[in-house]
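Working notes, structure below.
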Amino acid sequence: MVYRRFLCIKDAVACINDKVDLIAVILSISLPQTTRGTDYVCKLKIIDESHPEIPVHVFAQEIDYLPFVAAVGDIIHLSRVVMRIYEGDVYAIFNKRFSSFALYDGKDVENFQPYQVLLRYEARKHDAMIIAGLRKWLASSHVIDEPNFSLLKEINEVGLVNLVCKVLHICKTTDDKWMAFIWDGTDVPPISIYKKPEDEEHNPLPLHFKPLPSSGDVLHTFPTVGTILRLIFDVECMPYILQLLKVRQWFKLFCVECKVHEGLWYGVFTSYSKIQDIPNVDILILERQSNYDCRSLVVTFFLKHIEID
């Protein structure tokens, strides 16, 4: 098996069964799954200036050895991946025994230090020049299409949505599933409930879809304005998710299923959903925080006048 030090994707797709090094932009990443054995696998799609996207299958013995991509549009350096072809489609295989990777911010034009590396990874002198070129190309192209993000107040039907929310708390439910309490400062719309009064007497509607955190200290940290939505995780790779999620930080959530249970909205994070970190200076966060600050002032104003009256 030939090892080719560095190739653009256009040249790499012609090197079937060879080991190659690639530096490319990440277009997407799947949640990890377990293989038929004891390994984990996640799938990336990468692109550079020379060629349309190609898939990369990353295998690892431990989930911690998989790439924890902070954001779509970040840059990955893949070392010693093997090029394969199946039914005419070319892809790269990351072998857990000899391949390695490093992840770089796709936007920071001055920082050339990777934010995650595998132990076998070895940086090279001209890597910075290639990464700088990719960043410049990415900034001037429209490769990364930003989807639309909904506010909680804009949810008006059961279905898939993209959200930008702050994680307030993470815990396990009584049925041993993980759940996060998320918030964006707005209120979900009310739901019409069709129920006979006599049914309510014997089977009243719940005040909460899932139990609230038992600790009063946790509840006191929750905002007093805006819906706090329960997000249920229906995935197998919770150790991976828990390493990404951080309490009191904002995240982009893609393809979350919004559902209703007896008049209460909740979300479900499935294997098709994705999560992405987001910097605090992002305009989406600033807009949501500004809206919340305005609402809080209004609420405070009315409460003070009620006390005076």
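Every heavy atom of this structure was used, including side-chain atoms; hydrogens, water molecules and symmetry mates were not. Numbers here simply count residues along the sequence, with the first being 1.
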Output every pair passing side-chain hydrogen bond (donor to acceptor under 3.5 Å, both in side chains) with a member in residues 86-95, not counting sequence neighbours, ordered by first then second residue.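 Passing the test, one end in residues 86-95: N95-R97.
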Can you tell me if Y121 and H77 form a side-chain donor-acceptor pair at under 3.5 Å?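 Yes, because at least one side-chain N or O of Y121 sits under 3.5 Å from a partner of the opposite role on H77.
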Do S79 and D21 get their side chains close enough for a donor-acceptor pair, meaning under 3.5 Å?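 Distance-only check passes for S79 and D21.
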For the pair [X] (side chain) and [Y] (backbone), establish whether a donor and an acceptor sit closer than 3.5 Å, ignoring hydrogens and angles.
{"X": "S290", "Y": "L286", "answer": "no"}
{"X": "W265", "Y": "V158", "answer": "no"}
{"X": "D74", "Y": "V69", "answer": "no"}
{"X": "S273", "Y": "T270", "answer": "yes"}
{"X": "D282", "Y": "I278", "answer": "no"}
{"X": "D48", "Y": "I9", "answer": "yes"}
{"X": "W183", "Y": "V225", "answer": "yes"}

Show the numbers, then the answer: is there a side chain to side chain contact (heavy atoms under 4.5 Å, CB included) between L22 and I46? CA-CA 10 Å; L22 300 170; I46 61 172; 4.1 Å; yes
Are more than 12 heavy atoms, taken from residues, nucleotides or ligands other than [X], located less than 6.0 Å from that residue's [atom1] atom?
{"X": "Y272", "atom1": "OH", "result": "no"}
{"X": "K153", "atom1": "NZ", "result": "no"}
{"X": "N156", "atom1": "CG", "result": "yes"}
{"X": "Y65", "atom1": "OH", "result": "no"}
{"X": "H142", "atom1": "NE2", "result": "no"}

Between D187 and R295, does any NZ, NE, NH1 or NH2 come within less than 4.0 Å of an OD or OE carboxylate oxygen?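 Here R295 pairs with D187 in a salt bridge, since their nearest N and O are under 4.0 Å apart.
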R80/F101 under side chain to side chain contact (heavy atoms under 4.5 Å, CB included): CA gap, chis, key distance, verdict: CA-CA 9 Å; R80 297 183 180 87; F101 70 82; over 6 Å; no
Separation of [Y] [atom2] from [X] [atom1] (nearest 0.5 Å):
{"X": "F233", "Y": "S271", "atom1": "CZ", "atom2": "OG", "value": "13.5 Å"}
{"X": "N291", "Y": "L151", "atom1": "CG", "atom2": "CG", "value": "7.0 Å"}
{"X": "M179", "Y": "H169", "atom1": "CE", "atom2": "NE2", "value": "7.5 Å"}
{"X": "E154", "Y": "N148", "atom1": "CD", "atom2": "CG", "value": "9.5 Å"}
{"X": "C165", "Y": "I228", "atom1": "SG", "atom2": "CD1", "value": "11.0 Å"}
{"X": "E49", "Y": "S140", "atom1": "CD", "atom2": "OG", "value": "7.5 Å"}

I232/W178 under side chain to side chain contact (heavy atoms under 4.5 Å, CB included): CA gap, chis, key distance, verdict: CA-CA 6 Å; I232 309 298; W178 284 96; over 6 Å; no
After noting the C-alpha distance and the side-chain angles of D18 and V82, does the key distance pass the side chain to side chain contact (heavy atoms under 4.5 Å, CB included) rule? CA-CA 6 Å; D18 288 348; V82 181; over 6 Å; no
Hydrophobic clusters here meaning ILVMFWY residues chained together by side-chain heavy-atom distances under 4.5 Å, can you tell me if [X] and [Y] are in one?
{"X": "I47", "Y": "I93", "value": "no"}
{"X": "I144", "Y": "I23", "value": "yes"}
{"X": "Y104", "Y": "L78", "value": "no"}
{"X": "L118", "Y": "L103", "value": "yes"}
{"X": "L168", "Y": "L284", "value": "yes"}

[X] and [Y]: which non-hydrogen atoms are nearest, and at how many Å?
{"X": "S50", "Y": "K10", "result": "OG-N, 3.0 Å"}
{"X": "D184", "Y": "L152", "result": "OD2-N, 2.8 Å"}
{"X": "Y40", "Y": "T35", "result": "C-CG2, 4.3 Å"}
{"X": "N162", "Y": "P147", "result": "ND2-CB, 3.6 Å"}
{"X": "L163", "Y": "S150", "result": "CD2-O, 3.4 Å"}
{"X": "L66", "Y": "C42", "result": "CD2-SG, 4.1 Å"}

Partners passing side-chain hydrogen bond (donor to acceptor under 3.5 Å, both in side chains) against [X] (at least two apart in sequence or in another chain):
{"X": "R135", "value": "none"}
{"X": "N111", "value": "none"}
{"X": "S30", "value": "none"}
{"X": "K43", "value": "none"}

Sub-4.5 Å side-chain heavy-atom contact between [X] and [Y]:
{"X": "D127", "Y": "F112", "value": "no"}
{"X": "L7", "Y": "C15", "value": "yes"}
{"X": "I54", "Y": "M83", "value": "yes"}
{"X": "L160", "Y": "E257", "value": "yes"}
{"X": "D11", "Y": "C8", "value": "yes"}
{"X": "K136", "Y": "L138", "value": "no"}
{"X": "D176", "Y": "T173", "value": "no"}
{"X": "I182", "Y": "F269", "value": "no"}

Taking the six-membered ring for Trp and the full ring for Phe, Tyr or His, determine whether the centres of F181 and F222 are under 6.0 Å apart.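 Yes: the rings meet the under 6.0 Å criterion.
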The test is salt bridge (Lys or Arg N to Asp or Glu O under 4.0 Å); show your working for K96 and D39 and say whether it passes. CA-CA 9 Å; K96 64 180 182 181; D39 292 343; 2.8 Å; yes
Can you give me every donor-acceptor pair (side chain of residues 236-256, partner residue at least two apart or in another chain, under 3.5 Å) with its distance?
residue: Y240; atom: OH; partner: P67; partner atom: O; Å: 3.1
residue: Q243; atom: NE2; partner: D64; partner atom: OD1; Å: 2.5
residue: K252; atom: NZ; partner: E146; partner atom: OE2; Å: 2.5

Please say whether the positively charged group of K19, taken as NZ for Lys or CZ for Arg, lies over the ring of F98, i.e. under 6.0 angstrom from the six-membered ring centre and within 45 degrees of the axis.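 Pair K19/F98 counts as cation-pi.
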